[in-house]
Every structure is written in structure tokens, then in C-alpha cells.
Number of protein chains: 2
Amino acid sequence: MSYQAPLKDMLFVMNELANLEAVSRLPGCEDATPETAEAVLEENAKFVGGVIAPLNHAGDKDPSFWKDGTVTTTKGFKEAFKQFAEAGWQGLQHPTDFGGQGLPKLVGTPCVEMLHGANLAFALVALLSDGAIEALLTAGSDDMKAKYLEPLVTGKWTGTMNLTEPQAGSDLAAVRSRAVPQDDGTYKVFGTKIFITYGEHDMAENIIHLVLARTPNAPEGVKGISLFVVPKFHVNADGSLGERNDVHCVSIEHKLGIKASPTAVLQFGDHGGAIGTLVGEENRGLEYMFIMMNAARFGVGMQGVGLSENAYQQAVAFAKDRVQSRDLAGSAGPVAIINHPDVRRLLMNMRSQTEAARALAYVGASLYDAAHHSADAAVRAENQAVYEYLVPIIKGWSTELSQDVTRDGVQVHGGMGFIEETGAAQHYRDAKILTIYEGTTAIQANDLVGRKTVRDGGKVARGLIAQVRATAAQLGELQGAEFTSIQKNLERGAADLEAVVEFVVANTKSDIKAVFAGSVTYLKLAGIVLGGWQMARAALVSQKKLGAGDGDAAFYQAKIVTARFFAEHFLSTTGGLRAAVIDGSGGVLALGVDQF
Amino acid sequence: MSYQAPLKDMLFVMNELANLEAVSRLPGCEDATPETAEAVLEENAKFVGGVIAPLNHAGDKDPSFWKDGTVTTTKGFKEAFKQFAEAGWQGLQHPTDFGGQGLPKLVGTPCVEMLHGANLAFALVALLSDGAIEALLTAGSDDMKAKYLEPLVTGKWTGTMNLTEPQAGSDLAAVRSRAVPQDDGTYKVFGTKIFITYGEHDMAENIIHLVLARTPNAPEGVKGISLFVVPKFHVNADGSLGERNDVHCVSIEHKLGIKASPTAVLQFGDHGGAIGTLVGEENRGLEYMFIMMNAARFGVGMQGVGLSENAYQQAVAFAKDRVQSRDLAGSAGPVAIINHPDVRRLLMNMRSQTEAARALAYVGASLYDAAHHSADAAVRAENQAVYEYLVPIIKGWSTELSQDVTRDGVQVHGGMGFIEETGAAQHYRDAKILTIYEGTTAIQANDLVGRKTVRDGGKVARGLIAQVRATAAQLGELQGAEFTSIQKNLERGAADLEAVVEFVVANTKSDIKAVFAGSVTYLKLAGIVLGGWQMARAALVSQKKLGAGDGDAAFYQAKIVTARFFAEHFLSTTGGLRAAVIDGSGGVLALGVDQF
């Protein structure tokens, strides 16, 4: 079966949890009414379900390949990207000035989720273009904007991020690529970049590389890195393509997953120098790159959600179809395996984590919109701070759990899951990159600890915990074992998160290694508590709807069950995570290197 | 780098935790002195490290392939198996009467772990032969034993298990293959078997298939299944090979992992009938097959341990070699990533789980030896009961954790881990089969609940918990934060396991689905508590050795640190698991099928 966008849940989360109605009242967001948004989501769902999803398995089976410096993508990708661009999907969240639709992030986010859910390897080209657009919008000169933005926003060209070098992965201080200023104001760029997603391909006429490099005499470390635009083909004043630039793809990687997405080794300047133009000011490249990175990190979080959804759908379809063994409580013949308790447990694992991660991400998108569009500067700042706290969690937690979810997906399939034809194994392989690129989970966790928790003394975190507690209190007013259970688990989760936040705030300065030994565990704990909070809010809304006899009762009942499952199977783990952070650093750090 | 057997830890566990000395005092085990065992392990380590391990990545890159009914295995496999057989490794644990070495399981187990650790796909051929040998030893006629055992034990031929059919995976009641009695006492076997590991290959002269099929008028369900020996080539009275039998490999699967191991679709009887002979009595086939299954399940547990060890070794080597970013607490240049706290945490996750699973399995092997060799029938029965309780845990828990460990292994490598050349990704792919074949984790968990916990009213489980508490009490007598922490976590773990066992015993009859909804979680909890118990025992022994100034102090110190890490990061999770089992079944089961 092929991926279908989970529109019902997306609309529920967008409207009921992330409050689209409030977003559509923000200045500049007036067009994004719930009705318009629903129409956009439906249209996008049709497109990705019909055009993009069917290419997912094909891309895995017949990946992009390299020959003599050119990359041929999987059959159908080029045509699909043309349709994607022409329908305006690349420009959904980008300014109308440059050919975009100017829709808020909250409306764009479900569309991004669908695209990734349908075909992770395909969607990466759009994700990277989004990042390039963001960086140019923020730091590019007027000339650059005029030259590059409209073709990028309309999907005529695509963009890339060139950070990594063989010796510089997580450690960008080690970047060695050089940029030598020329008399005409341009730079000649030299160096080798690796792991460049869609660094070379045949799906667009031009590729706009954003490249980190050092100018002569730049300071060492991250403070001496500048950002350059290096197009594959030079662009003439009239916008037409000029000569080929001196950047060449010398190979692509043989990878565990996302095989259709070409991961390029790019060689800059081997034939005299690749001509680049400086973005913004010298030595501020990392700052600009972080604009791309933060957009991309949120996007990778959505990859985690989308991929989890796809794996869940496939597992459900298989479990309904596959007949094997009698029902435990019945004596009749064999039944579909969805009736077996452990298959249920696996499916509920998959479902509840996916829904929780989706809800947290959309709420994050809504905060982003308020941070960018609110009329009140204080409101903007407040929302921005909470959004920034959530980004590493949305990226780190959603992608880590996508590895659990896709693993459960294979498991539901039993032996058939291990056979590549079935497609479940592809999700398991694809998922593994998500916790690595755009910053590993440890990098996200360092960000969460350092910039997002310690810097403000835990203020934002405490504010969120207070909101979690307010939701728990509301649950306490409802009758029913399911609400009591959610309340109890949520309250304990909030207390565990609070204890860890206070531990982090109190100890990072005095014993940084002890805190960082638990940073990923803190991130996971925060994801579970905040995701569980969203599921609890969803249960509250659902109960209200059920009481009012409003809408799809089966959907709301299922939402309450799923929230309960999440509480009892994931919120229930926070005590262990708290202990691992607060008591567990000694064991992490005690061995000498030679003892390994 | 290539796998090296962790001899130091293996010898420690074998001697100090699994008490080889006591095993070597059992009747028939007198040759297995600690000195002999050490020599055997060293010799085996040399062999697998030198001959088998170097073929692991090659087997993944250039898997076995099928053409016109024959399977050509990866280059080098045939020669390696010949060396393996000639050196006597296939026969290590098998009776000397048939060409084996007759060593106890406790000595065989580390050798099995090494073989799997070095090369999972290769080792499977030996694992399946072991199973066939066990079944023939137990249920085969004298004629069968005379005909088949010596060539199997000496590795001249190999064996297979033919259970699965397209409609009969976990559900063996659905087996449809037919066996029609002939006048000469043989049977003609007809049917299609799938997922037959090493069902066809070129590494041995003959393949002895053990096949489940139904005789005419056999009862329906599992009580109407018989077991047959169907050799690929008939065997003449003098042991020479006769005509080709009517069993043919029509294809092999394209799999996620263990690619060098051919997974065959076998067609029996398409050209008139495959001639088979009945093993034991009609309709008792499943019972005999479970002999193979139980041996194989323990073996698959060792695959989990071996693979985890391999992934750990590779991650350690990478983490020591890869230089990236400054030390958090230092201001000097970039350091090897093993110095970064989260890399440490990942490595300790891998290390501590691998060591705990190894210890539990070796202790299980020692129980098996006592169950088979003790002079006292009561002692035999008691050990057998505990061994049988542990088998689903050793299989289920060690393999589930191998998926966590191999995932962490890729993560340690960062982007390099996602590139297939590095080899870390192969472990991640290989691991996924381990929780599926020889009974999924859910099947193991059902066995743990039904046959191993409820049937004796929880007696064996309670006996183990009492032993866990005794170890915790011993820890309480030691000074030092590490011992206090291990003690506290172990005591709480024991209480959580006890609560779950009592819940299972009390509720399986009245509410079987509620209990089975938590069966895998119970299995995981039992694995963590019993594995943590072994680590705690290891810490006690290590402390004693350190006090006595006896042996390798760095090793014993590391063991105590690792035990502490396991307690603080895994034993600390048991409260959440307990809650998920006892409170969490409602959410698992509440949705209607249509709500998925």
C-alpha cells in the first residue's frame, strides 16, 4: 500500500491544539483561515499521495547514480519535481514577493510532513532549497535576492548546504575550504565538501550551493568562517544561465537508506577556482548557516513524524490483512494479526508516538508564526524563545522515536518485514540518518542544555512545565480511569522534567561533563513530557467534543485511548530517565579510554 | 577493524559467574577443566578472528546468489566452512560417539558467541546443523543416527529446519505440506517451504532437511504435524551419496541483512515426490521440532550477544580514532570523540548491555549442563526448569537489545555510520532478523508467560527473584557509592519483577489478553533484572579480586563501573516497565480494528 496523508489528525492538531484560528488573526496571516488551510492540505495530500508516494520504493530499489560527474536520479523524480514546483508547493511558506504563497508555518508544516512521509529521499531536495531560501532572505544582498530567490522559490532551481568536510563533521571549527577575494568583489572558492544532499542531480536547471569557507587571514575556529553563494551555473544579469562554475561532483555515497537522494562529494576549485559571492559579512557565515540549520532541523523533525506515519500505515495495513493464529480468547479459526495483543501494542507504540510528535511539532510551528507575525514585540520575543527551546526537541526526539517506530513496523511484519520487497525495511534503513544529519541528537541535546536551558536559567523550561501542570489539573476535573491515569502520569512527568531542568541549571557550570552525560536523556525526557502534554490536551478537547456530540465520535474516542496509551507506556518511563540523568553520570564517565 | 573475541570477559563470566569449575565436576564433563576450556576458547578465537571475521563484510557486499536452482555462496565461505569442519568446531558440543568433542554447553557457548560475533551470516549454517543434530539425537532412529549424524557433526554435511510456509509463519497449525506413506516405509513429501536458512548452498556435499508435514488423515492443527528427514541427496547404505532427491530451491530472498546467508524457497515433490523418512512417531513432529527450536533459540540469543560485541568493538575503535571538537572541559585542540560525554554514554550503553546479556546466557548454559549431567535427578529437574525459564529471555532480550546496540553503534559513527563501506550499518541491518526468526519476541514472551510462569504458578520466577535479593543483600555489605547504587537499583528491580510475575500468575486465566498485552514488556523487564543481577554478581566478584590484589585490576574496576552504569541506566527503568504491564493493558486493547 502507498502512503496517504493522515488528514483527519493533521486538521485536528492544526485547529484544536495549535490554534490555527489564532494564527490566522496575526498580521500577514489573514489568508490562512481554517477553510483555506484545509483546502491546501487536501490538495497537497492528493498530490503527494498520487505523484510522490508511488516513487518511494522505486527510489530505494533504483537509486540515483553517478557517472562521469553527473548524477541521474531515479526514474520519475525529475518529472515529479517539475509538477511539485509548478503546483507551487516549494513556495508554500515563502514570501509572495518571490513567487511564494506566503502561508504561515503552521499551514506549511503538515504539507512538509506529508511530503516527507510520502518519500523522504525525494522530499530532501525541497527541504534543502527551503534552507537556502531562508538564508538568502535573511542575509543575502538585494542583488542575490533578485538573482536567486524567485527561481528557488518556484522550484526552477534547487539549493544546497555545504558544511561538512572529511575532517569537519559536527566540528565546524575544523572547516578548511578557502575563499580568496578577487578584484571584482567575487571570491574563488577551493576545497572538498562531503555529504552534500542533492549536491548534484538532474531535477533542476541550476543548483545554488551555499558554502562555508575561510577567507585569507580569517580567525581560527568558528569565528573565521564565511558563507558564499556558489551556483553550479553562473547566472547572467537577465537571469539566464551562463557558464558552468568550477564545482564538480566527484562521487556519491553508497548509503544505508534514503538511497534516491544523491549524497555528493563536491570538489570546489580544482580547475582554477569556483566563483562565489559573499553572503552578508565575512566571518559571520556560521551565524547565517544556522538560519538554514534551524529551519532544516525543524524540517528533519517533520521527517521523523512523516516517516513514522508511513511506517505505521503500512504496519496497520499488513496487520489487518495477514491472518495467523487463533484469537487468544476465542476458539474459532485463525484471525488477522491485528487481533493479537502484542501486535496491538506495537501498533499503539507506533501510533501514539507519531501523534504525540506531530502535535508537539505543529504547536511549535504555531509559536514560530506568533514569533514572526505578532504585532507585539514582547509577544514575538516570548514565542520565539519557546520555539527555540522546542526546536532541538522536535528534531531530536521525533527522529529518535522514528527509529523505534520503524523498527516496530518491521516487527509487525514478522519474517516478511525482513524481505526488501515488502517495504517495511526501507523505513527502518531510511530512519537511521535522521538522528545524524543537521546535527546529531547529541548536538541537539547540547543546544537544548546550553543555549536553551542554561542561558536563561531555565525560565522557558519552567514556563512550559507550568503549562503542563495546568493541563494536568484540567484532567483532574474529568471523570474516568483514562483521564485519571493520564493526569497522574503527566504530573509525575512534569515533576521529573522539572527535577532534571533544575539539575541542569544548577550543575552545568560546575560540572559540565556530568550534565552533558545526560543531555540526550534530558532531551528524550522533555520530548516525552511535552509530547505527552499535547496528547493530554488532545484528550481534553476530544472529551469536550464527545460531550457536545460534535463531529466524529470514533476519532475522538480513539484519541483518548491513544493519549492514555502514551501516558501509560511512555510518560511512565520518565522516572527512569530522571534517575539516569541525575544519578547516572558517574558510570558514563568513569572508565579510562584504555579501558574500552 | 575486524572482530576479536572478547576472551577476557568470556573467561571471567565462564569461570566466575557461570562456575565452570562446578560444571567440570559433573559426570561426563570431567575433561572440561578451566585450563582446557581456556585453551579451546583461545584456539577458537584465533580461528574465527583469522578466518571467519574477515568474510563478514564481503558477505554483505557480495551475497550468496541463486541461478537455475543452485546457490553460490560468497567467495571464501566454502573454504572457510571446510576449515571450520576439519578443525572440529561443528562438533564441539556433540557426542564423541558421532565424531564430536562432547564438551559441555558452557564451553560451547562462548565459541558459538564468537562465531556469530565474527560473522552472523556464516555462522547460521552451523547453528542450523546444531539444531538438526539435536533433533536426530533425541528422536531419530538408530538407522538415522548411523546415517546422518557423523557427517553432520563433522561438518561434512549441513542441516536445515523446514517449518515456515507462506500461510504458516508463527502459526504452525497452518502447515499444509503433505507426506504420503509408501509401501517401503518411506514417505513422499509435497509442499512449499519458505524462509529456509541455508536451504540450498554449495558449502557441503549434502543437505539434511528436517521437514514438517502432514500425513493423510492426520488431525488438524499442531497435533497433526509430523517430522521427516529429507536429504538433498539420498544416502546409500555405505554412506556414499545416491540420487538427487525431489527438493529444489526455486529462489532465495532479497533481504535487509544477513545477506550472505541464503534464505531459500524450497519446493518439495514437484517431480513426483521428495522421499523422506519419518522421525519418531507420526503427529509428534512439533514436539521434536521444539528440540531444535529450543537449541536454536538459545543460539539466536548468542547471535544477539555476538553481534552486539562486534558493533561495540567497531564503535570503540572509531571513537578512539575519530578526532572532532574540543574537550568540553578543556581548551586545547580537538580530541578523539571517545572523550565526549554522549559518545561515552552510547559506548557504555553498548558495553553494559552486551556484558549483561553475555553473563545471563552463560549462566543459562551452566544450568543446562547441570540439567543434563548432574547425578541427582532432582537437581537435574530443578536446573532444567530454571534453564527453560531463561531460554525465552536469553533469546528475546539479547536480540532486542542487539537492535539498540547496533543502532547506537551507527550513531557513534555519525555520518560515516550511514555509509555502507564503514560496516556499522551492516550490524544495524543484520540485527533486525534476530527478534523475528526462531520465534518473534512476542512468541518468546508468550512462552515465558504461559509455559514458564503460569504453568508452575510462578515458582521458578520467585526462586530467581530470591536469588537476586540475596545478591543485593551482599552488595549492601560493601562500602562505596557504586555498590549502594547497584544495590538500590537491583532491589527495586527485583520488587518490580516480582510484582509483574504476581500479576501474570494472578490474571492470565481471568484476563489473558490483558496479560499478553504486557508479555513482551515482562520479558524485557525480566531480562534487565536478571542481566542486572549478573552484573551485580560480577561487581561483587571484582571487588573481592581487587581486595585480594588478584589479577587485572583495570579489568575489575571497569567491570564495577559497567555494572553501575547498567544499574543506573537500565535497572532504573523497571518501574516504568512494571507500570506499563500492570496498568497499561487498557490502552493497548481498547481500539476497535476499524479505528486503526
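Only a predicted model underlies this, so the values are computations on that prediction, with no experimental measurement involved.
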Original post:
Is the backbone of A:Gln167 close enough, under 3.5 Å, to the side chain of B:Gln324 for a donor and an acceptor to pair up by distance?
Top reply: yes
Original post:
Does A:His569 reach the main-chain N or O of B:Gly584 with its side chain, forming a donor-acceptor pair under 3.5 Å?
Top reply: yes
Original post:
Looking at B:Leu589 and A:Arg344, what are the two nearest heavy atoms and their distance?
Top reply: O-NH1, 3.5 Å
Subject >> Verdict with reasoning, A:Gln411 to B:Thr435, per side chain to side chain donor-acceptor pair (under 3.5 Å) >> reply: CA-CA 8 Å; A:Gln411 191 71 19; B:Thr435 59; 2.6 Å; yes
Subject >> Straight-line distance of B:Ile419 CD1 to A:Ile433 CD1, nearest 0.5 Å >> reply: 7.5 Å
**OP:** For salt bridge (charged side-chain N to carboxylate O under 4.0 Å, His left out), just list the numbers for B:Asp404 and A:Arg407, CA-CA rounded to whole Å, side-chain angles, deciding distance to a tenth of an Å, and then say yes or no.
**Re:** CA-CA 10 Å; B:Asp404 296 320; A:Arg407 167 177 162 177; 2.7 Å; yes
Original post:
Taking C-beta and beyond as the side chain, do B:Phe516 and A:Asp342 meet within less than 4.5 Å on heavy atoms?
Top reply: no
Original post:
Does A:Phe596 reach the side chain of B:Met348, with side-chain heavy atoms less than 4.5 Å apart?
Top reply: yes
Original post:
Where does B:Thr441 contact chain A at under 4.5 Å (heavy atoms): side chain, backbone, both or neither?
Top reply: both
**OP:** Could you tell me whether a side-chain N or O of A:Tyr437 sits under 3.5 Å from a main-chain N or O of B:Gly414, the two making a donor and an acceptor?
**Re:** no
Subject >> Atom group of B:Tyr428 that falls short of 4.5 Å from chain A, counting heavy atoms >> reply: both
Original post:
Looking at residues at least two apart in the chain, or sitting in another chain, which of them share a side chain to side chain contact (heavy atoms under 4.5 Å, CB included) with A:Val335?
Top reply: A:Asp327, A:Asn339, A:His340
Original post:
Got A:Arg345 and B:Thr521 here, is their nearest side-chain heavy-atom distance under 4.5 Å?
Top reply: yes
Original post:
Applying side-chain hydrogen bond (donor to acceptor under 3.5 Å, both in side chains), which residue pairs with at least one partner in residues 583-596 of chain B are found, sequence neighbours left out?
Top reply: none
Original post:
Should B:Leu256 and A:Arg429 count as side-chain neighbours, where that means a heavy-atom distance under 4.5 Å?
Top reply: yes
Original post:
Under 3.5 Å, side chain of A:Asp171 to main-chain N/O of B:Ser325, donor-acceptor pair present?
Top reply: yes
Subject >> Shortest non-hydrogen contact between B:Val593 and A:Lys320, atoms and distance >> reply: O-CE, 3.3 Å
**OP:** With rounding to the nearest 0.5 Å, note down the distance linking OG1 in A:Thr422 to NZ in B:Lys255.
**Re:** 13.0 Å
Original post:
What part of A:Arg578 is in contact with chain B, defined as an atom under 4.5 angstrom from a non-hydrogen atom: side chain, backbone, both or neither?
Top reply: neither
Subject >> Gap separating the OG1 atom of B:Thr263 from the CZ atom of A:Phe418, nearest 0.5 angstrom >> reply: 7.5 Å
Subject >> Considering all heavy atoms, the nearest B:Ser572-A:Ala579 contact >> reply: CB-CB, 4.3 Å
